[in-house]
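First the structure, in the form of structure tokens, and then the observations on it.
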Amino acid sequence: PVCETGGSSGGNPVESILPTITSIEPSKAAPGDRITIRGTGLTGEGVAVSFDGVPAQLISAITTALLVVVPDVPQGDHLVTVTADGRASTPFRYGVAPALLPTILAIEPARAHVWDEITITGRNFRIDAQARPSVLVGGVAARGSGLATPSRIVVRVPVLPRGSTTVQFRSDGKASGEFPFEVVHS
């Protein structure tokens, strides 16, 4: 701990604690996953977390724990640093897993008319703006209806000829496999 004098009028000493990382849970995570950093001195002005200098999104902070999102960094070991009150922690080595490919598990309904809503369920759908997510139905971009989570997306079927086609989810340069779907006309 460093002891500083508080306030412009002197006053009582204020203790500034160097942030210290003691653990990160889970032991490995992929970009976009949430992790918990545990330690001491993890709050203060300008709390920030970085992976080899790449900023991570801070979700919440208390003195002994931070909830953050792993930034878009390559797989492998990275040095994680917490900065609080202008002071940086000793770097903590953390293994980042490879980013997982998006996977479509189901489409409901499996047949729909042009402009009907379809619900795509699956996993690893990166829906944040930085990932530039899109859904292609028969190779044509489908418009989202605003309902999207990492495991569920609702879109409208674009104008396509009737018949069998496929649906694919893309984001952050990664694409799901093509999932069968049928466009019907009245």
Side-chain angles (χ1 to χ4, degrees), residues 23-38 48-61 65-80 93-186:
S23 67
I24 300 178
E25 300 159 2
S27 61
K28 204 169 220 186
D33 290 348
R34 292 179 179 201
I35 60 171
T36 301
I37 298 173
R38 299 199 184 277
V49 177
S50 66
F51 285 62
D52 289 332
V54 177
Q57 177 189 358
L58 179 65
I59 296 171
S60 65
L66 302 174
L67 181 60
V68 302
V69 176
V70 176
D72 192 13
V73 294
Q75 136 184 17
D77 285 350
H78 293 271
L79 297 178
V80 177
R93 187 171 304 281
Y94 184 72
V96 173
L100 301 173
L101 291 176
T103 303
I104 296 175
L105 300 174
I107 298 175
E108 290 294 329
R111 303 168 35 135
H113 293 88
V114 169
W115 300 126
D116 283 354
E117 285 189 346
I118 58 174
T119 301
I120 302 164
T121 56
R123 60 178 175 257
N124 306 319
F125 297 155
R126 283 210 46 211
I127 56 171
D128 56 284
Q130 291 176 338
R132 298 181 317 279
S134 65
V135 173
L136 301 177
V137 179
V140 177
R143 289 187 180 198
S145 67
L147 301 173
T149 69
S151 61
R152 183 173 176 255
I153 299 172
V154 178
V155 298
R156 293 197 178 275
V157 177
V159 175
L160 290 167
R162 75 179 168 160
S164 296
T165 190
T166 59
V167 175
Q168 185 179 56
F169 176 83
R170 293 182 179 179
S171 81
D172 201 29
K174 296 174 180 55
S176 70
E178 295 182 342
F179 198 89
F181 179 72
E182 186 173 351
V183 177
V184 294
H185 289 237
S186 298

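Atom set for the values below is all heavy atoms of this structure, side chains included, hydrogens, waters and symmetry mates excluded. Heads up: numbering here begins at 1 and tracks the sequence. Every value quoted in this text rests on a predicted model; they were computed, and no experiment measured them.
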May I ask you to decide if [Y]'s main-chain N or O and [X]'s side chain share a donor-acceptor pair within less than 3.5 Å?
{"X": "Asn124", "Y": "Leu101", "value": "yes"}
{"X": "Arg162", "Y": "Val184", "value": "no"}
{"X": "Glu178", "Y": "Gln168", "value": "no"}
{"X": "Tyr94", "Y": "Phe51", "value": "no"}

Taking every non-hydrogen atom, the tightest pair across [X] and [Y]:
{"X": "Ile153", "Y": "Val155", "answer": "CG2-CG1, 3.8 Å"}
{"X": "Pro55", "Y": "Pro71", "answer": "O-CB, 3.3 Å"}
{"X": "Gln75", "Y": "Pro98", "answer": "OE1-CB, 3.2 Å"}
{"X": "Gly95", "Y": "Asp77", "answer": "CA-OD1, 3.6 Å"}
{"X": "Ala97", "Y": "Pro31", "answer": "O-CD, 3.4 Å"}

Just wondering, do [Y] and [X] contact through their side chains at under 4.5 Å, heavy atoms?
{"X": "Pro74", "Y": "Val96", "result": "no"}
{"X": "Ser171", "Y": "Ile127", "result": "no"}
{"X": "Leu136", "Y": "Arg170", "result": "yes"}
{"X": "Pro102", "Y": "Lys174", "result": "yes"}
{"X": "Val137", "Y": "Leu160", "result": "yes"}
{"X": "Arg152", "Y": "Thr119", "result": "yes"}
{"X": "Arg93", "Y": "Leu79", "result": "yes"}

Val159 and Trp115: side chain to side chain contact (heavy atoms under 4.5 Å, CB included), yes or no, with the steps?
CA-CA 7 Å; Val159 175; Trp115 300 126; 3.6 Å; yes
Inter-residue atom distance [X].[atom1] - [Y].[atom2], 0.5 Å rounding:
{"X": "Glu108", "Y": "Ile120", "atom1": "CD", "atom2": "CD1", "value": "11.5 Å"}
{"X": "Ile35", "Y": "Ser23", "atom1": "CD1", "atom2": "OG", "value": "10.5 Å"}
{"X": "Arg34", "Y": "Glu25", "atom1": "CZ", "atom2": "CD", "value": "15.5 Å"}
{"X": "Ile37", "Y": "Leu66", "atom1": "CD1", "atom2": "CG", "value": "5.5 Å"}

Please determine which of Ile104, Ile118, Thr166 meets the side chain to side chain contact (heavy atoms under 4.5 Å, CB included) test together with Phe181.
Ile118
Over 60° means perpendicular and under 30° means parallel, so classify the ring planes of Phe125 and Phe169, tilted if in between.
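Taking Phe125 first and then Phe169, their aromatic rings sit tilted (interplane angle of 30° to 60°).
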